[in-house]
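I have placed the structure first, in the form of structure tokens, so that the comments after it can refer back to it.
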Amino acid sequence: MKILFMGTPEFAREQLSALWENRETYGWEIVGAVSQPDKPKGRGYKMIPTPVKTYAQSVGIAVYQPERVKDEAFLALLAELDPALIVVAAYGKMLPEAVLAYPKYGCINVHGSLLPAYRGAAPIQRAMMDGMRVTGNTIQYMAKGMDTGDIISCDRVEIGENEDFGSLYDRMGKSGAKLLLKTIPAIENGTACRTAQDDACATIAPKIEKAECALDFSLPAEALHNRIRALSPAPLAYTTLYHQGTPMRIKIAASVMGDTADTDASAVCGTVLSLDAKKNEIRVQCGNGSTLCMTAVVPEGKGRMHAGDFIRGRKIAPGDWFGD
RNA sequence: CGCGGAGUAGAGCAGCCUGGUAGCUCGUCGGGCUCAUAACCCGGAGGUCAUGAGGUUCAAAUCCCAUCUCCGCAA
């Protein structure tokens, strides 16, 4: 069976490599990998290839990076490659109906949430930010709307209490790939299920905005903790640290819930209550009488470091405070 | 050439402006105290100060030049 893959980031690369490595077992022919065009990004506006492109090239899969998938040129490419199935994972563009209708077995999509929850661009981060304990991948037949297609299969992935997005993202990608390997044969031999989504239960997971990365210490520690780990290792939650009155922009890479018994009711939210370089903790007053221990930070111009190192090097002390 | 920060001991930092003994908080090693300890006391090892047989100087971590690497912002 001819399969065309479409995807862009690391999550998608995980799916593609699973397809590639098992192509002989299942008799698949990967006819191409479609990925977003390279764009000047990062420091100095260097062109950064997408993970899917890098992988595809390394194993010799043809790479296509159309600016638009809605024009004739892309349909012509489809006709040329003639895939029986299109597998999409975090491609980053909506596909027109003409494309969805082309393959014999349809277009399927690996989505990083248990649909109909968290439809959209950032399902994994949003689930973590909401403090969910369980999420999963869903494979759906793509439909016109955003992640509204009929469900074929899904898996279940538990979210650790102190796990961060990077770790969960990695596990989700691998789990999704396993699911994909089970699902495609079922589609091919006609035993796949097809269940419509209940739109009434749908929720949206929009992409992460910059403004959401700012920490508001009047929130309860749990909300802050969920936000910090959902944004780690990128783009990272940030705040301002006032050290001896001098402001310094700082990102928070990791945290754990603090001891609630030992809070200072009179302390303003954001105040550093105590530090322990050995335990690697900067304990901060948060809303509702809760406290949060920051365990890893990224000071401006520096890389990620343990809170203990930061305390030792910068001589952070109780009375310093976080806020804006 | 988008803007900016940074490279000093295993980690995190200071010193640089106003050149002249390599410093701080830890870690590590050895010893001591203690029922005991991540606590405390004493002692030690560990650094071509990113690179350049560069420039200036009697003398460069420090001033000047070039290169490399890392990072933040902006996209």
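Just so we're on the same page: letters track the sequence lines, and every chain starts at 1. Only a predicted model underlies this, so the values are computations on that prediction, with no experimental measurement involved.
Checking the phosphate oxygens (OP1, OP2) of B:C13, no side-chain nitrogen or oxygen of A:R312 falls inside 4.0 Å. Distances shorter than 4.0 Å separate some side-chain N or O of A:K210 from OP1 or OP2 on B:A74. Residue A:K278 has a polar side-chain atom (N or O) positioned under 4.0 Å from OP1 or OP2 of B:G27.
Separating the P atom of B:U21 from that of B:C65 is a span of 24 Å, rounded to the nearest Å. Annotation: B:A38 and B:C33 have their P atoms spaced 16 Å apart (nearest Å). Separating the C1' atom of B:C63 from that of B:C1 is a span of 27 Å, rounded to the nearest Å. Distance noted for atom C1' between B:U62 and B:G7: 15 Å (whole Å). Rounded to a whole angstrom, the distance from the C1' atom of B:A39 to that of B:U48 is 38 Å. Using atom P as the reference point in both B:G19 and B:C64, the two lie 12 Å apart (nearest Å). Across B:A9 and B:A74, the matching P atoms stand 31 Å from one another, rounded to whole Å. For the C1' atom pair drawn from B:A45 and B:G2, the interatomic distance equals 48 Å after rounding to whole Å.
What separates CZ of A:R304 from C1' of B:C70 is a distance of 17 Å, to the nearest Å. At whole-Å resolution of the value, CD in A:E300 and C1' in B:C73 are 8 Å apart. Note: NZ (A:K279) to P (B:C26) measures 17 Å, nearest angstrom. Distance A:M248 CE to B:G4 P: 20 Å, rounded to the nearest Å. Rounded to an integer number of Å, the gap from A:K302 NZ to B:C73 C1' is 17 Å. Between the CZ atom of A:R314 and the P atom of B:G12 there is a distance of 11 Å, given to the nearest Å. Separating the CD atom of A:E209 from the C1' atom of B:A74 is a distance of 16 Å, rounded to the nearest angstrom. Atom-to-atom, CG of A:D276 to C1' of B:U25 comes out at 14 Å; the value is rounded to the nearest Å.
Residues passing the side-chain contact (heavy atoms from CB on, under 4.5 Å) test with A:A277, sequence neighbours excluded: A:I311, A:R312. Scored by the salt bridge (Lys or Arg N to Asp or Glu O under 4.0 Å) test, A:R304 finds no partners at all (sequence neighbours excluded). A:N189 meets the side-chain hydrogen bond (donor to acceptor under 3.5 Å, both in side chains) test with A:T191; sequence neighbours excluded.
Counting any heavy atom pair closer than 4.0 Å across all strands shown, A:K251 reaches sugar-phosphate atoms only and no base atom.
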Intra- and interstrand pairs of RNA chain B - dot-bracket, Watson-Crick/G-U under 3.5 Å, | marks other strand: .(((((((.[[[[.)....(..]]]].(((((.......))))).....[[[.[[..)....]]]]]))))))..
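Around the NE2 atom of A:H243, the shell of radius 6.0 Å holds more than 12 heavy atoms that belong to other residues, nucleotides or ligands.
The side chain to side chain contact (heavy atoms under 4.5 Å, CB included) with A:Q15 is formed by just one residue from the set A:V52, A:V88, A:L180; it is A:L180.
Formation of a donor-acceptor pair under 3.5 Å by the A:D150 side chain with backbone atoms of A:Y141 is not found in this model.
The salt bridge (Lys or Arg N to Asp or Glu O under 4.0 Å) analysis of residues 291-302 of chain A, with sequence neighbours excluded, yields no pairs. Residue pairs meeting the side-chain hydrogen bond (donor to acceptor under 3.5 Å, both in side chains) criterion with at least one partner in residues 96-125 of chain A, sequence neighbours excluded, are A:D82-A:Y102, A:N109-A:Q140, A:H111-A:S113, A:H111-A:D147, A:Y118-A:D130, A:R119-A:Q197, A:R119-A:D199.
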